[in-house]
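Presented below is the structure to which this report refers.
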Amino acid sequence: MKPSIERIEFQGIAAWRLNGPRGARAVISQLGAQVLSWKMPDGRERLFLSDKAVFDGSVAIRGGIPVCFPQFSAMGELPKHGFVRTRPWSLAAERSADDFALVTLEISDDEATRALWPYAFRAELTLMLEADRIDVEFCVTNTGSAPFSFTGALHSYLRLVQVEDAALEGLYGYEYRDAANGDRIIRDSGTEVIVDAPLDRVYHDVKRPQLLKAGNHSLGIQCQGFPDVVVWNPWVEGCAGMADMPADGWRQMLCVEAAIARQAVSLPAGEEWYGRQTLVAV
Ligand code: TA6
């Protein structure tokens, strides 16, 4: 079947399904422009989506690829991870050809966003699906007459059979802020990151791609434009404190996020910023 795009309902909310080459599939929701599912041609799901995720916009959907903007985490006065992940976006473009399917959603400032953050902006999220990869592009335009600064992330929840059996390569030698240990700054000295405790690390200025090794189903992770990489797993106790996660949810996920966290991006009036995270099945 030729790649195509369908408007669907997913867990009761409006979404688009991208039918990609060779039977690859992805779903992106109107709420938050959140990628909620990415399936390989063999039907294997590559993103984690919590069984207890809430889809009514009262909180962010737990899983997939939440878009955090204009604030990363609690690094400021705004709601945690900003406000676009719980707001409706609208369709800006859809396209498909023999080897890809693509959807672009957009959101702009309105009265409610300006009440929280007094700036004029347009943000675009493009999901491009190919047979064995997705590219998620995030673009921010300052449409106002004053400069603004922002932080943010593509907060990707990668699905694993068992996080204890996985290993993340590519972060050796980089410095990270250890948010799970009093924000200490540490230089990574291991060849791979193993998850055997709560993990919440903001790696700074990462120039190399990562490889999430998970048996026969590894994933290459590459960023452009985003300077930082966040690696997060709440582990058993953290997960127990989250109403929208099943008790064993921590085991099936690892967030490897393309982030702007250490230093905000300053965007002059009329200018555009752009970043991308690519996930490739290897
Ligand atoms: O990106 C990592 C992080 O900031 C963690 O500190 C953790 O709290 C996580 O995001 C999830 O945040 P959320 O607001 O979605 O519960």
Side-chain angles (χ1 to χ4, degrees), residues 11 29 31-36 47-87 116-117 125 136 138 150-160 163 168 171 174-186 188 193 195 197-206 210 212 221 223 226-247 249-265 275 277 279:
Q11 301 279 352
S29 64
L31 179 65
Q34 194 156 330
V35 183
L36 297 176
L47 299 178
F48 170 82
L49 180 61
S50 168
D51 294 344
K52 296 174 85 179
V54 177
F55 293 89
D56 65 5
S58 60
V59 291
I61 301 167
R62 177 74 62 200
I65 309 184
V67 180
C68 306
F69 173 83
Q71 177 183 296
F72 175 72
S73 194
M75 291 178 49
E77 308 289 301
L78 293 175
K80 191 172 172 203
H81 287 317
F83 46 73
V84 298
R85 58 183 187 158
T86 50
R87 301 185 64 78
L116 290 166
W117 194 61
L125 195 283
V136 185
F138 185 52
F150 66 94
T151 53
L154 298 174
H155 198 300
S156 309
Y157 286 74
L158 308 179
R159 172 171 284 279
L160 292 165
V163 73
L168 184 65
L171 293 168
Y174 289 118
E175 219 173 56
Y176 63 90
R177 175 169 62 80
D178 193 351
N181 283 302
D183 284 338
R184 283 196 307 150
I185 303 292
I186 299 172
D188 200 325
V193 178
V195 186
L199 202 81
D200 196 353
R201 299 181 178 176
V202 180
Y203 284 86
H204 299 154
D205 227 350
V206 175
Q210 296 84 55
L212 180 59
I221 304 159
C223 292
F226 288 96
D228 306 318
V229 171
V230 177
V231 185
W232 177 62
N233 182 286
W235 203 244
V236 185
E237 310 82 52
C239 193
M242 284 185 256
D244 57 356
M245 274 289 254
W250 60 274
R251 177 162 270 156
Q252 296 153 24
M253 56 146 287
L254 182 66
C255 285
V256 182
E257 309 165 32
I260 304 162
R262 184 169 59 148
Q263 197 167 9
V265 167
Q277 187 185 49
L279 304 177

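One-based numbering, in listed order, for ligands and for the atoms of each.
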Does the plane of the ring in Trp250 sit parallel, tilted or perpendicular to the ring in Trp235? Use 30° and 60° as the thresholds.
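Geometry flag for Trp235 against Trp250: tilted rings.
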
Which residue holds the protein heavy atom closest to [atom], what is that atom called, and what is the gap in Å?
atom: atom 3 (C) of ligand 1; answer: His81 NE2, 3.7 Å
atom: atom 11 (C) of ligand 1; answer: Trp232 CH2, 3.6 Å
atom: atom 5 (C) of ligand 1; answer: Asp200 OD2, 3.3 Å

Measure from the side-chain N and O atoms of Glu257 to the backbone N and O of Ala153, and report whether any donor-acceptor pair falls under 3.5 Å.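 No, because the side chain of Glu257 does not come within donor-acceptor range (under 3.5 Å) of the backbone of Ala153.
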
Run the numbers on Val193 and Arg201 for side chain to side chain contact (heavy atoms under 4.5 Å, CB included), then give the verdict.
-> CA-CA 11 Å; Val193 178; Arg201 299 181 178 176; 4.0 Å; yes

inquiry  = Under the side chain to side chain contact (heavy atoms under 4.5 Å, CB included) test against Met253, which residue among Asn233, Leu160, Leu158 passes?
reply    =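 Exactly one option meets the side chain to side chain contact (heavy atoms under 4.5 Å, CB included) with Met253, and it is Asn233.
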
Problem set entry | Identity of the nearest option to atom 1 (O) of ligand 1, non-hydrogen atoms only, from Glu257, Lys80, Arg62 |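 Among Glu257, Lys80, Arg62, the closest heavy atom to atom 1 (O) of ligand 1 comes from Glu257.
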
Of Met75, Arg85, His155, the one whose closest heavy atom lies nearest atom 15 (O) of ligand 1 is Arg85

Within 6.0 Å of CD in Glu237, more than 12 heavy atoms from elsewhere =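 For Glu237, atom CD is crowded (more than 12 foreign heavy atoms under 6.0 Å).
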
Under 4.0 Å from a heavy atom of Ser73: which atoms of ligand 1 are those, numbered in the order shown and with their elements?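 Listed by number with element, the hits are 4 (O).
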
Is there a heavy atom of Met242 sitting under 4.0 angstrom from any atom of ligand 1?
no

Subject >> Pair Tyr176 + His204: ring centers closer than 6.0 Å >> reply: no

